[in-house]
Amino acid sequence: MNFTQLEYFLTIAQTGSITAAARRLFISQQTLSESLRRLEDELGVTLVQRTRPIALTEAGQCVAEGARDILDRKAQMLQQLESAEEKYSLLIHISAKEAPPFLPKLIAAFQREHPEYTITLQSHEKMDSFASGILFSSPFADLDSHLAWYPVWKDTLAVVVQDELLKKTFGGNTACLRQQLSTSGDLAQLKPLPFVVLTSPPDVSNPILSALEKAHIDSGQIREVSNSALLHSLCEIGSAATIHPQSYASSHYAHQITDGVLELFPLDEQYGSYLLHIGCGRQCRPQSIERQFIRFTQEFMNREMPVK
């Protein structure tokens, strides 16, 4: 028995589902089921009833109570180990070109809950490796092998398109298209539209271009730009549609979407997804504040950025 098994078991108990628990933990259902089976074999008891939703047996309730106590004591121990280090500040590295649009709201929420910590933002033209601090992963860059990466949010991709561009392209079929696209998330239905995407660095896979290729969008309809501000402008004035992770699009274009200027359509999973990570400069063990911020971000994204 180990801490990971107990954390996995408590997540199953909290969600009532192997599927939901595996999604929250960013592991496969097979891995989670195997962990549960090994825990039951080691303890010699059945911990859950395989119903929908999953229900804890009497033994499972006993183990869950003990697991919470053990993990709480573990957290207290780690916090006490680091309290003497007097590390009360968190350094977040951000790109000078564009920070995650949800970051100000995330930081404000974190500081309301943890007023004892100070957060410093450091802007960079080029995002290289860092010995300290954290940074958010980018859809257009590979994960730096020198950093320890922690998954915090799995996001679907979404099309953002100006309402007038949609009407101009599809005419009288626009209302029907909206309904079909909202239900199916089929990017191929938007083949006639022009698209604009950010140019990705050499030898880095671009999930946006991959999605367009899967939908068989003609390459002649795709314009690549290196400046995110230009991309947003082209989308907002109706020159082209674009694709973003859904939480990013919902946050960045919130006012235009609310005002009906832009429309957002989440895409079907066949077109891929974006897994947001937080990178930490300490591969062995992040500081207490970094661990807290990572856990807080996972909870914040699930609460504030629900994928529809």
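Owing to the predicted nature of the structure, the values given are computational and were not obtained by experimental measurement.
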*Quick one: does Gln221's side chain have a donor or acceptor within less than 3.5 Å of a partner on Lys191's backbone?*
yes
*Shortest non-hydrogen contact from Leu267 toward Thr156*: O-CB, 4.4 Å
*asked:* Measuring only between side-chain heavy atoms, which start at C-beta, is Ser35 closer than 4.5 Å to Thr4?
replied: no
*Residue list, ring pair (Phe, Tyr, Trp, His ring centres under 6.0 Å) with Tyr253, at least two apart or on another chain*: His232, His244
*asked:* What I want to find out is whether Arg38 reaches Glu34 closely enough, with some N-O distance under 4.0 Å, to be called a salt bridge.
replied: yes
*Hey, is the main chain of Leu91 close enough, under 3.5 Å, to the side chain of Glu290 for a donor-acceptor pair?*
no
*asked:* Under a 4.0 Å threshold between the charged nitrogen and the carboxylate oxygen, would Asp268 count as salt-bridged to Lys214?
replied: no
*asked:* Run the ring pair (Phe, Tyr, Trp, His ring centres under 6.0 Å) test against Phe265 and tell me which residues pass, sequence neighbours left out.
replied: none
*Heavy-atom check, side chain of Leu56 versus side chain of Phe9, under 4.5 Å*: yes
*So, do Phe293 and Ile278 sit near enough that their side-chain heavy atoms are less than 4.5 Å apart?*
yes
*Mind checking whether Phe300 and Leu121 sit in one hydrophobic cluster, side chains of I, L, V, M, F, W, Y counted as touching below 4.5 Å?*
yes
_Neighbour count above 12 (heavy atom, 6.0 Å) for Glu42 CD_ = yes
*Within-4.5 Å side-chain heavy-atom neighbours: Phe136 and Thr297*: yes
*Does Asp41 pair with Arg37 as a salt bridge, N-O distance under 4.0 Å?*
yes
*Do Leu275 and Leu135 belong to the same hydrophobic cluster, where Ile, Leu, Val, Met, Phe, Trp and Tyr are linked whenever their side-chain heavy atoms lie under 4.5 Å apart, directly or via other members?*
no
*Evaluate side-chain contact (heavy atoms from CB on, under 4.5 Å) for Leu190 paired with Phe170, printing each intermediate quantity in order.*
CA-CA 9 Å; Leu190 297 176; Phe170 296 97; 4.0 Å; yes
*asked:* For the backbone of Ser239 and the side chain of Gln162, can you confirm whether one donor and one acceptor N or O come within less than 3.5 Å of each other?
replied: no
_Heavy-atom closest pair, residues Thr46 and Thr57_ = O-OG1, 2.6 Å
*asked:* Quick check against the 3.5 Å criterion: does Thr242 have a side-chain atom that pairs as donor or acceptor with the backbone of Val196?
replied: yes
*If you measure from the Lys or Arg side-chain nitrogens to the Asp or Glu carboxylate oxygens, is any gap between Arg50 and Glu40 under 4.0 Å?*
yes
*Return the set of residues passing ring pair (Phe, Tyr, Trp, His ring centres under 6.0 Å) with Phe296 (not counting sequence neighbours), or none when no residue passes.*
Phe110
*Take atom CZ of Arg178 as the centre, draw a 6.0 Å sphere, and report whether it contains more than 12 heavy atoms from other residues, nucleotides or ligands.*
yes
*Hey, does Ser228 have a side-chain heavy atom less than 4.5 Å from the side chain of Leu198?*
yes
